[in-house]
Amino acid sequence: MALPPVILIALFVGLPVLLAIGFSLGMTGGLNSTAAAIGQNVHQADGLVTLDAYAELFADVRFGRDLGATVLVTVVTTGVTLATAIGIAVFLRLQGGWLGAVLSGLGIVPLFIPVVIASWGILTFYSGDGFVRSVFAQFGLEGPVFGFTVTGVVIASVWVNLPFALLMATSGMQAVPDALIDAARDAGASTFAIIRGVLVPMAGIPLVIASTFTAIGVLGQFTVPYFTGPNAPQQLGVDISKYFQSFNQPQQAAAIAVVVFVIASGVAALYVWANFRSAKQEGRV
């Protein structure tokens, strides 16, 4: 029953991925021959493989700057998204009420707004002639401009990734038994101690899953940095499109994609560990 979708994924996802990795390593024959013929600055392997495309990328100051910006945006976005999700989930678990319902509802709203619309809306909201600057101008003040900045990319990325993280954090917090919280209170634990010693550790696996999915999504995102980010530095997702379409350098674009894949694989190791630990706790491993 699982064979047809596996074959479909292998042909239309697995094979192109392998071809792209081989192309980045100088394998320009076979199905890669067309891209090698029309592409510029293609490095062909004299032996089995060549790392010339990667060497060229890492020797470029612009690529190093874009790589650093991508990692920075990923780390900051993941941290802010996770902290916001945990804060709302903790408030909903311990306090609840109408305020908790409002916060959780607002946190889920971005789930129903297309990324391209959200990115454009955030750009116009924080641009030089946007809403924030207009409000400040009414009082004779200079408002901040986050449009076309790395800060704007972080703000938009948090907006886009918050719903999933919030759902994971909320489900993890709600699964904590009331008896554990009551026992901690009876022992004299403060609210902060309950959060640090009970809620967050008990919801650790969902939080790890939320953080890994957020980080991987931000690493390869295109729409958000394309609309809201600066011309330099750019995220690697935009760089891939730029090298492929604007510069006609498909081999360098494939090499950047491999770099993103390697970084994402390191982040995905946390997801695999979380799933393994969850399965072990349930007695399935």
Side-chain angles (χ1 to χ4, degrees), residues 2-75 115-116 119 150 153 157 212-213 215-272:
L3 187 59
V6 170
I7 294 176
L8 189 67
I9 293 174
L11 289 177
F12 292 97
V13 178
L15 182 60
V17 168
L18 293 177
L19 289 173
I21 294 175
F23 187 47
S24 71
L25 295 173
M27 300 178 185
T28 57
L31 295 177
N32 288 327
S33 58
T34 301
I38 65 177
Q40 297 183 2
N41 200 20
V42 175
H43 302 277
Q44 184 174 358
D46 294 332
L48 184 61
V49 296
T50 179
L51 298 177
D52 289 346
Y54 293 93
E56 178 184 349
L57 281 176
F58 283 96
D60 190 344
V61 177
R62 295 173 299 177
F63 175 75
R65 178 193 59 201
D66 294 347
L67 177 60
T70 301
V71 173
L72 176 63
V73 170
T74 301
V75 172
V115 177
V116 61
S119 300
V150 174
V153 176
S157 299
T212 53
F213 271 74
I216 292 174
V218 176
L219 271 174
Q221 66 181 352
F222 171 80
T223 305
V224 170
Y226 181 78
F227 275 100
T228 64
N231 290 327
Q234 295 179 327
Q235 283 196 249
L236 295 185
V238 179
D239 272 348
I240 293 174
S241 175
K242 180 177 65 178
Y243 273 87
F244 189 84
Q245 295 181 344
S246 302
F247 299 161
N248 190 25
Q249 296 182 0
Q251 190 179 47
Q252 286 71 20
I256 297 174
V258 172
V259 172
V260 174
F261 175 76
V262 171
I263 300 175
S265 298
V267 177
L270 291 175
Y271 173 74
V272 175

Do Leu31 and Phe23 have side chains that get closer than 4.5 Å, going by heavy atoms?
no
Less than 4.5 Å apart, any side-chain heavy atom of Val259 and any of Tyr54?
yes
Ring-plane angle category for Tyr226 and Phe222, please: parallel below 30°, perpendicular beyond 60°, tilted otherwise.
parallel
What I'd like to find out is whether the side chain of Phe247 reaches to under 4.5 Å of the side chain of Lys242, using heavy atoms alone.
yes
Report yes if the side chains of Thr50 and Leu25 come closer than 4.5 Å at any heavy-atom pair, otherwise no.
no
When rounded to the nearest 0.5 Å, the distance separating OG of Ser24 from CG of Asp52 is 11.5 Å
Do Gln235 and Val218 touch side chain to side chain, with heavy atoms closer than 4.5 Å?
yes
Gln221 vs Val153, test: side chain to side chain contact (heavy atoms under 4.5 Å, CB included). Steps then yes/no.
CA-CA 10 Å; Gln221 66 181 352; Val153 176; 4.1 Å; yes
Taking all atoms of both residues into account, what is the closest heavy-atom pair of Val267 and Leu219, and its distance?
CG2-CD1, 4.5 Å
With a 4.5 Å cut-off on side-chain heavy atoms, are Gln251 and Asn32 touching?
no
Any side-chain heavy atom of Asn41 within less than 4.5 Å of one from Glu56?
yes
Side chains of Leu67 and Ile263 in contact at under 4.5 Å (non-hydrogen atoms):
yes
